[in-house]
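Take a look at the structure below.
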Amino acid sequence: MFTPDLLKNKRILITGGGTGLGKGMAERFLELGAIVHICGRREEVLEQTAAELSAKGTIHTIPCDVRSLDAVEAMIDSIWSEAPLDILVNNAAGNFIARTEELSPGAWNSVIGIVLMGTLNCTMACGRRWLASEHKGTVLSISATYAPVGSAYVVPSAVSKAGVEALTRSLAVEWGNRGIRMNAIAPGPIPTQGAFSRVLPHPGLETLALDRNPQHRFGTVEELANLAAFLVSDGSGYINGEVIRMDGGEFLQGAGEFSNLGRVLKEEDWQAIKPKKSGRKS
Ligand code: HXC
Ligand code: NAP
C-alpha cells in the first residue's frame with residue numbers, strides 16, 4: 001500500500017505498543033522504515049513483542065505507566081537523550097463494561113488516569129520539547145467511535161476519549177503554526193485480546209456488534225495500522241485536527257432514521273411497496 005521508505009528514520013513512540021493495535025502499528029511502522037519505541041506497564045510483554053518484531057527493524061522497549069507524569073517525563077528524557085522523537089502515538093487504554101452507578105472512585109480514576117491523563121502526560125512531555133527546540137512533531141491518538149456521542153456501560157472511557165478528541169482539536173490550532181500536527185483515529189471494533197475480553201466478554205455481544213455493522217465484519221489490525229501510517233507520514237501533512245472514523249459505517253448505521261429497513265423488509269415487502277405499473281406512457 002505504501003512505498004517501503006514512507007517512515008524512514010522517523011522516531012516513533014507507541015504507548016501500549018506491546019499488544020493489540022499498538023503492536024500492529026509497531027510492526028507496520030517498522031516495515032516502513034521507522035525506529036520504534038514501545039511502552040507499557042508489563043516489561044515481559046514489551047520484551048516478547050520486541051523479540052517478535054526485531055527482525056523488521058529497530059525497536060526499543062521502555063516500561064512506563066503513563067498515568068504517572070514523573071514516569072512519563074523520565075521515559076521521554078531517556079528517549080530524547082538519544083535523539084528527539086518525531087511522532088507520538090497515544091494508544092494505551094483501559095476499559096471495561098460496568099453499570100455506571102456501581103463504579104468506585106478507584107474504577108473511574110483507573111480508566112481516566114490511563115486514557116485521558118496518560119494521553120495528556122505524553123502529549124505535553126513531547127509537545128513542550130518539540131516547541132522548545134522548534135522540532136516538527138506529530139501526535140496520533142487512538143479514540144473510539146463513541147467519543148462524540150457517549151456510550152452507556154463504558155462511561156469512564158467515553159468521558160476520557162471525548163477529552164482526548166478535544167485535546168486533539170484544541171492543540172491542532174494552538175500548536176499548528178509551530179510545526180505540530182494533531183490527529184486521531186476512532187476505530188470501531190477490531191478483535192484484540194485486551195479489548196474483546198473486556199468489552200465484548202460474551203459471544204452474544206460479538207454477534208450483536210457484527211449485526212449492527214453494514215459490512216457485517218470487524219476491522220483488522222492491518223487496516224488500522226495502514227491508516228495510522230498514512231496519518232503520521234509527511235504525505236498527510238495538511239491533515240491537522242481531524243478524527244478519522246474507521247468502522248465500516250457502523251456509526252452511520254445507527255444514525256440513519258431508516259437504516260434498519262434493509263434487515264427488516266423482505267423481497268416481497270419491497271415488491272409490495274413499489275408503485276404499480278399504470279400503463280401511462282410518460
Ligand atoms: C467495575 C472495575 C472493573 C470492572 C476493575 N475495576 N475492573 N470496576 N467493573 N470490570 C475497578 C477495580 O475494582 C478498582 O477499583 C479499579 O477499577 C482499578 O482496578 P485494578 O484492577 O486495580 O486496576 P489496574 O490493575 O490498574 O487495571 C486497569 C484496568 C484493567 C483498566 C481495570 O482492565 C487494565 O489493565 N486494562 C488495560 C487494557 C485494556 O483495558 N484494554 C482494552 C481497551 S479497549 P477500587 O475501588 O478497588 O480501586 C477500548 C475500546 C474498546 O478502550 C471499544 C470496542 C468497540
Ligand atoms: P489492548 O491490547 O488492551 O491495548 C492496551 C495497551 O495499553 C496494552 O498494551 C497495555 O499494556 C497498555 N496500557 C494500559 N494501561 C497502561 C498504562 N497505565 N501505562 C502504559 N500502558 C498502558 O487493547 P487494544 O484493542 O489494542 O486497544 C488499543 C487502543 O485502541 C486503545 O486506545 C483502545 O481504546 C482503542 N480502541 C480499540 C478498539 C478495539 O476494538 N480493539 C476499538 C476502539 C478503540 P500494559 O497492560 O502492559 O500496561
Side-chain angles (χ1 to χ4, degrees), residues 13-27 37-50 61-69 71-72 75 89-122 140-147 151 153-165 184-201 205-206 208-210 212-213 217-221 223-225 227-228 243-248 250-251:
L13 169 64
I14 306 169
T15 67
T19 64
L21 304 187
K23 181 179 175 183
M25 286 187 277
E27 181 171 8
H37 298 258
I38 54 173
C39 81
R41 292 167 299 178
R42 291 167 299 165
E43 187 166 11
E44 67 285 4
V45 170
L46 297 172
E47 291 304 333
Q48 169 70 36
T49 294
T61 61
I62 316 184
C64 175
D65 186 332
V66 296
R67 289 175 286 195
S68 157
L69 181 57
V72 167
M75 166 176 68
V89 180
N90 289 308
N91 165 79
N95 204 355
F96 46 76
I97 51 170
R99 291 181 292 195
T100 307
E101 66 273 24
E102 292 172 4
L103 292 173
S104 68
W108 283 100
N109 276 336
S110 161
V111 175
I112 293 173
I114 304 169
V115 180
L116 181 57
M117 294 315 297
T119 299
L120 275 170
N121 290 341
C122 295
L140 178 69
S141 298
I142 309 301
S143 184
T145 50
Y146 48 71
S151 175
Y153 306 113
V154 288
V155 176
S157 173
V159 165
S160 305
K161 296 288 194 189
V164 167
E165 293 193 2
I185 298 176
I190 299 173
T192 66
Q193 212 273 330
F196 275 37
S197 65
R198 290 179 174 92
V199 298
L200 297 173
L205 295 176
E206 279 195 29
L208 211 65
L210 283 173
R212 54 194 235 105
N213 192 298
R217 70 170 177 92
F218 294 128
T220 68
V221 176
E223 287 167 331
L224 184 282
L227 177 57
V243 179
I244 313 289
R245 199 164 48 227
M246 197 204 87
D247 71 345
E250 182 193 50
F251 185 88

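Order of appearance sets the numbers: ligands from 1, and atoms from 1 within every ligand. From a predicted model like this one, the values you see are computed outputs, not experimental measurements.
Residue, atom and distance of the protein heavy atom nearest to atom 4 (C) of ligand 1 are F96 CD1, 3.4 Å. Of the protein's non-hydrogen atoms, the one nearest atom 46 (O) of ligand 2 is R41 NH2, 2.9 Å. Looking at atom 28 (C) of ligand 2, its nearest protein heavy atom turns out to be N91 OD1, 3.1 Å. Of the protein's non-hydrogen atoms, the one nearest atom 20 (C) of ligand 2 is C64 O, 3.2 Å. From the protein, the heavy atom lying nearest to atom 41 (N) of ligand 2 is I190 O, 2.9 Å. Here the protein heavy atom with the shortest distance to atom 1 (P) of ligand 2 is T19 OG1, 3.5 Å. In terms of protein heavy atoms, atom 44 (S) of ligand 1 is closest to A195 CB, 3.5 Å. The closest protein non-hydrogen atom to atom 47 (O) of ligand 2 is R42 NE, 2.8 Å. Protein heavy atom closest to atom 22 (C) of ligand 2, with residue, atom name and distance, is A92 CB, 3.6 Å. Remark: minimum distance from atom 54 (C) of ligand 1 to any protein heavy atom is reached at V199 CG2, 3.8 Å. Looking only at protein heavy atoms, the nearest one to atom 6 (C) of ligand 2 is G16 CA, 3.7 Å.
Residue G20 has at least one heavy-atom neighbour below 4.0 Å for each of these atoms of ligand 2: 2 (O), 26 (O). Against a heavy-atom cut-off of under 4.0 Å, A107 is close to the following atoms of ligand 1: 8 (N), 11 (C), 15 (O), 16 (C), 17 (O). Taking every non-hydrogen atom of L21 and a distance limit under 4.0 Å, the qualifying atoms of ligand 2 come out as 26 (O), 30 (O), 37 (C). Atoms of ligand 2 found under 4.0 Å from any heavy atom of G188 (numbered from 1 in listed order, with element): 40 (O), 42 (C). Annotation for ligand 2: atoms under 4.0 Å from non-hydrogen atoms of D65 are 17 (C), 18 (N), 19 (N). Less than 4.0 angstrom separates some heavy atom of P187 from each of these atoms of ligand 2: 42 (C), 43 (C), 44 (C). Close approach to R67 involves these atoms of ligand 2, each under 4.0 Å from a residue heavy atom: 18 (N). Near N95, the atoms of ligand 1 lying under 4.0 angstrom from a non-hydrogen atom of the residue are 31 (C), 33 (O), 39 (C), 40 (O), 49 (C), 50 (C), 51 (C), 52 (O).
The distance from atom CD of E206 to atom CG of L200, rounded to the nearest 0.5 Å, is 6.0 Å. Of the inter-residue distances, the one linking I142 atom CD1 with N91 atom CG reads 5.5 Å to the nearest 0.5 angstrom. With rounding to the nearest 0.5 angstrom, the CG atom of N90 is 4.0 Å from the OG atom of S141. Taken from CD in E27 to NZ in K23, the straight-line distance is 8.0 Å, to the nearest 0.5 Å. Of the inter-residue distances, the one linking D247 atom CG with T145 atom OG1 reads 5.5 Å to the nearest 0.5 angstrom. Atom CD of E223 and atom CD1 of I190 lie 7.5 Å apart (nearest 0.5 Å).
Considering every non-hydrogen atom in both C122 and V66, the closest pair reads SG-CG1, 3.8 Å. What you find for E250 and G188 is that their closest heavy atoms are OE1-CA, 4.4 Å.
A donor-acceptor contact shorter than 3.5 Å is absent between the side chain of S143 and the backbone of A186. Between the T15 side chain and the A92 main chain, a donor and an acceptor come within less than 3.5 Å of each other. The backbone N or O of G194 lies less than 3.5 Å from a partner atom in the side chain of R198, making a donor-acceptor pair. Between the S68 side chain and the A71 main chain, a donor and an acceptor come within less than 3.5 Å of each other.
Not a single N or O atom of P189, backbone or side chain, sits closer than 3.5 Å to an N or O atom of ligand 2. Annotation: S157 places no N or O atom under 3.5 Å from an N or O atom of ligand 1; distance criterion only. Inclusion of G40 in the set of residues having an N or O under 3.5 Å from an N or O of ligand 2 is not warranted. Considering backbone and side-chain atoms together, A144 places no N or O closer than 3.5 Å to any N or O of ligand 2.
Among A147, G94, A93, S197, the residue whose heavy atom lies nearest to atom 14 (C) of ligand 2 is A93. Nearest to atom 23 (O) of ligand 2 by heavy atom, out of D247, L224, T192, is T192. The heavy atom nearest to atom 28 (C) of ligand 1, out of those in G94, A186, S110, is found in S110. For atom 36 (N) of ligand 2, the nearest non-hydrogen atom from the set P191, S143, A195, A184 comes from S143. Of the listed options G113, A93, P189, A93 places a heavy atom closest to atom 39 (C) of ligand 1. Which of R198, R67, E102, R42 comes nearest to atom 26 (O) of ligand 1 through a heavy atom is settled by distance: it is R67.
Distances from ligand 1 to the non-hydrogen atoms of Y146 include at least one value under 4.0 Å. Within the structure, the closest approach of V45 to ligand 2 does not fall below 4.0 Å when heavy atoms are considered.
Residue contacts with ligand 1 for R41 involve side-chain atoms from C-beta outward but no N, CA, C or O (heavy atoms, distance under 4.0 Å). Of all the heavy atoms of I114, the ones lying under 4.0 Å from any atom of ligand 2 belong exclusively to the side chain. Contact annotation: for A144 versus ligand 1, there are no heavy atoms closer than 4.0 Å. Only the side chain of K161 comes within contact range of ligand 2, with a heavy atom under 4.0 Å; no backbone atom does. At a 4.0 Å heavy-atom cut-off, ligand 1 touches S104 through the side chain alone.
The shortest distance between side-chain heavy atoms of Y153 and V199 does not fall below 4.5 Å.
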Next item on the list: Assess whether side-chain contact (heavy atoms from CB on, under 4.5 Å) is satisfied between F96 and V111, documenting all intermediate values.
Entry: CA-CA 9 Å; F96 46 76; V111 175; 3.8 Å; yes
Margin query: Run V45 and T19 through side-chain contact (heavy atoms from CB on, under 4.5 Å) and show every step you take.
Written below: CA-CA 8 Å; V45 170; T19 64; 3.5 Å; yes
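Environment of CZ in R99: sparse, with no more than 12 heavy atoms of neighbouring residues, nucleotides or ligands closer than 6.0 Å.
Within a 4.0 Å radius of atom 48 (O) of ligand 1, the protein contributes at least one heavy atom. Within 4.0 Å of atom 13 (O) of ligand 1, not a single protein heavy atom is present. Put simply, atom 21 (O) of ligand 1 has no protein non-hydrogen atoms near it, under 4.0 Å away. Put simply, atom 41 (N) of ligand 1 has protein non-hydrogen atoms near it, under 4.0 Å away.
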